[in-house]
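Just below is one structure, and these are the notes that go with it.
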Amino acid sequence: MQLSKEDMLAKANSASKNTLMETLSIEIVDFGDDFLVARMPVTSKVHQPDGVLHGGATAALAESVGSFASHIFIDTEKFFIRGLEITANHVKSISEGFVYAKATFLHKGRTTQLLDIRVTDESNNLISICRLSTISLPKKK
């Protein structure tokens, strides 16, 4: 039996318990054949001292959504995903509301993956643009 989209999202979000994703309140909200979207509330717990979204929290959101996107497109019985490199260019500040990170594949190889991650606010204004490369590694038997 194939799970509904709602059940898949619930299963994905339950995997985030006791992780950085839970600490930052990151929630996966949508996915498709070649993308994954997550959101994170912008509150004081992800602020810099001057009250705006911390770039490190943005990078953590981007790496979380990109790694999770790579994870759901591989055979998790045989492989696991690790991030290789992330870059982030922050173009706009935000101090409240939600940010959304949409990860789309630029390259989906058997061993390496490259993702483009756009972080936007609730009005679809670009906050940050990120690139993440991941690697699929075999699980030890």
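All heavy atoms count here, side chains included; hydrogens, waters and symmetry mates do not.
Leu53 and Val37 end up in different hydrophobic clusters when Ile, Leu, Val, Met, Phe, Trp and Tyr side chains are linked at under 4.5 Å. Leu84 and Phe73 are not part of a single hydrophobic cluster, where members link through side-chain heavy atoms under 4.5 Å apart. Put simply, Leu137 and Ile72 are part of two different groups of oily side chains (I, L, V, M, F, W, Y) that touch within less than 4.5 Å, one to the next. Ile86 and Leu36 fall within a single hydrophobic cluster, where Ile, Leu, Val, Met, Phe, Trp and Tyr are joined by side-chain heavy atoms under 4.5 Å apart, directly or via other members.
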Throw together a table of side-chain donor-acceptor distances under 3.5 angstrom for residues 93-104, partners on residues two or more places apart or in other chains.
none

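The number of heavy-atom neighbours closer than 6.0 Å to NZ of Lys108, taken from other residues, nucleotides and ligands shown, is above 12.
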Stepwise side-chain contact (heavy atoms from CB on, under 4.5 Å) check, Val91 with Ser128: CA-CA 6 Å; Val91 296; Ser128 298; 5.9 Å; no

Working note: Gln113 + Ser133, criterion side-chain hydrogen bond (donor to acceptor under 3.5 Å, both in side chains); need CA distance, chi angles, decisive distance, verdict. CA-CA 6 Å; Gln113 302 79 38; Ser133 58; over 6 Å; no

Test side-chain contact (heavy atoms from CB on, under 4.5 Å) on Ser136 and Ile74 and set out the steps. CA-CA 8 Å; Ser136 303; Ile74 65 161; 3.8 Å; yes

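Relative to the ring axis of Phe79, Lys139 does not place its NZ or CZ within 45° and under 6.0 Å from the centre.
Residues Met40 and Ala57 share a closest heavy-atom pair of CE-O, 3.9 Å. Listed here is the closest heavy atom pair of Ser67 and Ile81: O-CG2, 4.0 Å. Of all non-hydrogen atoms in Arg131 and Leu106, the two that sit nearest each other are NE-CD1, 3.3 Å. Nearest heavy-atom pair across Val46 and Val42 is CG2-CA, 3.8 Å. Annotation for Ile26 and Ser64: closest pair CD1-OG, 4.1 Å, computed over non-hydrogen atoms.
Once rounded to the nearest 0.5 Å, the distance linking CD of Glu22 with CG of Asn13 reads 10.5 Å. If you take CD1 on Ile28 and NZ on Lys11, they are separated by 12.5 Å, rounding to the nearest 0.5 Å. Here the CZ-OG1 distance, from Arg39 to Thr120, works out to 12.5 Å after rounding to the nearest 0.5 Å. Rounding to the nearest 0.5 angstrom, the gap separating the CG atom in Leu114 from the CG atom in Asp116 is 8.0 Å.
Contact of the Asp7 side chain with the Leu9 side chain is not registered, since no non-hydrogen atoms from C-beta on lie closer than 4.5 Å. Counting only heavy atoms from C-beta outward, the side chains of Asp121 and Leu126 never approach each other to under 4.5 Å. Here the side chains of His90 and Thr58 are in contact, with some heavy-atom distance below 4.5 Å. Counting heavy atoms from C-beta outward, Val65 and Ile117 have side chains that approach closer than 4.5 Å. Under the 4.5 Å side-chain criterion, counting only non-hydrogen atoms from C-beta, Ser25 is in contact with Lys45.
For residues 34-68, the ring pair (Phe, Tyr, Trp, His ring centres under 6.0 Å) pairs, not counting sequence neighbours, are Phe68-His71.
The main-chain N or O of Asn125 is never found under 3.5 Å from a side-chain atom of Ser123 such that the two would form a donor-acceptor pair.
For the side chain to side chain contact (heavy atoms under 4.5 Å, CB included) test with Ser70, the passing option among Leu132, Leu115, Ile135, Thr112 is Leu115; the others fail.
Under the side chain to side chain donor-acceptor pair (under 3.5 Å) criterion, Arg118 pairs with no residue at all, not counting sequence neighbours.
Between Lys5 and Asp30, at least one side-chain nitrogen of the basic residue sits less than 4.0 Å from a carboxylate oxygen of the acidic one, meeting the salt-bridge criterion.
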